[in-house]
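The structure appears below as structure tokens.
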Amino acid sequence: MAEVAAAQSTEVLKVTSIKSLAESPALNSVPSAYGFTINPNDEADPNDPEFAIPMVDMSLLTSGSPDQRSKIIHDLVKICQEWGFFIAINHGVPESLMKAMIEACHGFFSLPDEEKNEFKSGNDVLEMFKYGTSYNLALDKFLLWRDFFKVRVHPEFYSLYKPACFSEVSMEFSKRAREVALEITRAISESLGLGPNYIHNAMNMDRGIQMLAANYYPPCPQPEHAIGIPHHTDHGLVTLLIQNEMKGLQVEHNGKWLTVDGPPNGFFVNLADQMQILTNGKYKSVMHRATVNNKATRISIAIPHGPSVDTIVAPAPELLEKEGQAPKYLAMNYKEYIQLQQSAKNYMKSAFDHIRV
């Protein structure tokens, strides 16, 4: 048994991707470097009505009657305050395009390690490309059971040049996902009583950062002793996410972790840190994580949307005046916020602690 453990430790040191490790014939337990324990008592009962995930029918926002649109915007207030998370349906992005994007990402992760390693880079989260397993091996107290890549797709569009189909599919998918995100941002802006274009203009979203981030979670022999991505909030304004047929995304709601399930053509939508700052804490940036399973590979694709890197983000003065509140957060440049969030002092912690007034 000790020999197997030693062999697995050596395997971890040599491994360049989780995919390679998971496919290793000798692997029958989680190597200690990946050790992470999930407490099953913290998980929500999906059948409890308290944990029924809100759905937003986007067609009623874009082509419904004024009354239908106004009802959705009214519903968003409660959703953004209590959940910071919902599933967008009837959003207009063809399911065939969503599936093609997942397939293109699967194609990339199936490349030999040496070809994927061409996309490795430093620790700057805003780089054009980034590929790896964990974000920062110098910081990580445990390794993550996933491979990932990130590509910046706005304000300039970049793409992986492998596999061959990737560029065309990712360009169309990124453009269509952006339309959905901007429509959601308009509705959220209206739900705050600020007018539909307030967030877009105040956050300079015409130059806003949009990433395409894909995660590959192969089957894990002991899923209760590993984690795909630990608990975190996203640093931008709003993130859209799609996945293949395997579940794994969990969101925190009322102190419990809920495994998210939804229609195959839905977008999971979560609010992120700059939205919480802009709304002075009225709307919440949702804590979430990715679990793993022992049955099949899960692929998820997150499309985070944020302000432009040079935008100074602070609670909206118009909102403070309307609500009669003092600002709860300090103003901060978006790029500096990202660097703060990714720094060692915020490892597995919230960056909000450093910017609260």
Side-chain angles (χ1 to χ4, degrees), residues 44 46 48-93 177-203 205 208 233-234 236-241 251-256 258 260-263 265-288 303 305-307 313-325 327-329:
D48 183 335
E50 179 190 345
F51 296 101
I53 294 166
M55 296 258 196
V56 171
D57 186 339
M58 298 286 295
S59 67
L60 301 182
L61 271 179
T62 51
S63 52
S65 68
D67 284 353
Q68 286 172 320
R69 179 177 168 83
S70 138
K71 182 184 182 307
I72 296 280
I73 285 168
H74 178 263
D75 291 346
L76 271 173
V77 178
K78 191 169 187 231
I79 292 169
C80 295
Q81 285 179 319
E82 295 180 5
W83 281 82
F85 181 86
F86 59 90
I87 298 173
I89 57 170
N90 299 328
H91 43 68
V93 181
R178 183 167 188 80
E179 287 165 6
V180 176
L182 292 180
E183 191 58 54
I184 288 168
T185 309
R186 279 193 285 274
I188 289 174
S189 198
E190 269 189 80
S191 75
L192 292 162
L194 294 172
N197 296 316
Y198 181 90
I199 293 176
H200 187 281
N201 295 339
M203 297 290 100
M205 288 190 77
T233 57
D234 293 348
L237 285 162
V238 64
T239 301
L240 273 52
L241 183 136
V251 296
E252 190 182 41
H253 182 64
N254 293 346
K256 293 277 188 185
L258 174 66
V260 178
D261 200 3
N265 59 343
F267 274 112
F268 299 148
V269 180
N270 67 270
L271 303 192
D273 293 359
Q274 305 311 302
M275 191 69 82
Q276 181 165 324
I277 295 164
L278 186 71
T279 63
N280 205 36
K282 180 178 174 120
Y283 289 175
K284 69 182 261 187
S285 177
V286 71
M287 189 71 77
H288 54 290
I303 314 99
H305 298 77
V313 184
E318 295 84 346
L319 206 55
L320 297 178
E321 191 180 336
K322 189 161 145 290
E323 310 254 334
Q325 288 182 335
K328 295 175 183 170
Y329 305 102

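What's counted below: heavy atoms across the whole structure, side chains too, no hydrogens, waters or symmetry copies. The structure presented is a predicted model; accordingly, all values stated were derived computationally and were not measured.
Shown here is Glu321, whose CD atom has no more than 12 heavy atoms of other residues, nucleotides or ligands within 6.0 Å.
The salt bridge (Lys or Arg N to Asp or Glu O under 4.0 Å) test applied to Arg178 returns no partner, not counting sequence neighbours. Every ring pair (Phe, Tyr, Trp, His ring centres under 6.0 Å) that Phe51 has, sequence neighbours left out, goes to His253. Annotation: salt bridge (Lys or Arg N to Asp or Glu O under 4.0 Å) contacts of Glu323 (sequence neighbours excluded): Lys282. Partners of Lys322 by side-chain contact (heavy atoms from CB on, under 4.5 Å), not counting sequence neighbours, listed by chain and number: Leu319. Checked against side chain to side chain donor-acceptor pair (under 3.5 Å), Gln276 has the following partners two or more places apart in sequence or in another chain: Tyr329. By the salt bridge (Lys or Arg N to Asp or Glu O under 4.0 Å) test, Asp261 is found to be paired with Lys247, residues two or more places apart in sequence or in another chain being considered. Remark: Asn270 engages Asp234 in a side chain to side chain donor-acceptor pair (under 3.5 Å) (not counting sequence neighbours). Legend: residues meeting salt bridge (Lys or Arg N to Asp or Glu O under 4.0 Å) with Lys71, ordered by chain and number and at least two apart, are Asp75. Every residue meeting the side chain to side chain donor-acceptor pair (under 3.5 Å) condition with Ser285, not counting sequence neighbours, appears here in chain and number order: Asp273. Ser191 is linked by a side chain to side chain donor-acceptor pair (under 3.5 Å) to Tyr283, counting only residues two or more places apart in sequence or in another chain.
Of the inter-residue distances, the one linking Asp67 atom CG with His74 atom NE2 reads 13.0 Å to the nearest 0.5 angstrom. Atom CD1 of Ile199 and atom CG of Leu194 lie 7.0 Å apart (nearest 0.5 Å). Rounding to the nearest 0.5 Å gives a distance of 10.5 Å between OG1 of Thr62 and CD of Gln68. Here CD1 of Ile184 is found 8.5 Å from CG of Leu61. Values are rounded to the nearest 0.5 Å. We find the CD1-CZ distance between Ile73 and Arg186 to be 10.5 Å, quoted to the nearest 0.5 Å. The distance from atom CG of Asp48 to atom CG of Leu258, rounded to the nearest 0.5 Å, is 9.5 Å.
Looking at every heavy atom in both residues, Ile303 comes nearest to Ala177 through CG2-CB, 4.4 Å. The two residues Ser189 and Pro196 have their closest heavy-atom pair at CB-O, 3.6 Å. The nearest pair of heavy atoms linking His200 to Leu182 is CD2-CD2, 3.8 Å. A pairwise comparison of heavy atoms in Ile87 and Gly262 identifies CD1-CA, 4.0 Å as the closest pair.
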Begin from the C-alpha positions of Ile53 and Phe268 and carry the test side chain to side chain contact (heavy atoms under 4.5 Å, CB included) through to its verdict. CA-CA 10 Å; Ile53 294 166; Phe268 299 148; over 6 Å; no
Might you work through the side chain to side chain contact (heavy atoms under 4.5 Å, CB included) test for Met205 and Leu237, ending with a clear yes or no? CA-CA 10 Å; Met205 288 190 77; Leu237 285 162; 3.7 Å; yes
From CA spacing to verdict: side chain to side chain contact (heavy atoms under 4.5 Å, CB included), Ile188, Leu271: CA-CA 10 Å; Ile188 289 174; Leu271 303 192; 3.6 Å; yes
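The side-chain heavy atoms of Phe267 and Val93, taken from C-beta on, include a pair separated by under 4.5 Å.
Within the structure, the side-chain hydrogen bond (donor to acceptor under 3.5 Å, both in side chains) test picks out the following pairs touching residues 81-91 (sequence neighbours left out): Asp57-Asn90. For residues 187-197, the set of pairs meeting the salt bridge (charged side-chain N to carboxylate O under 4.0 Å, His left out) definition, not counting sequence neighbours, comprises Arg69-Glu190.
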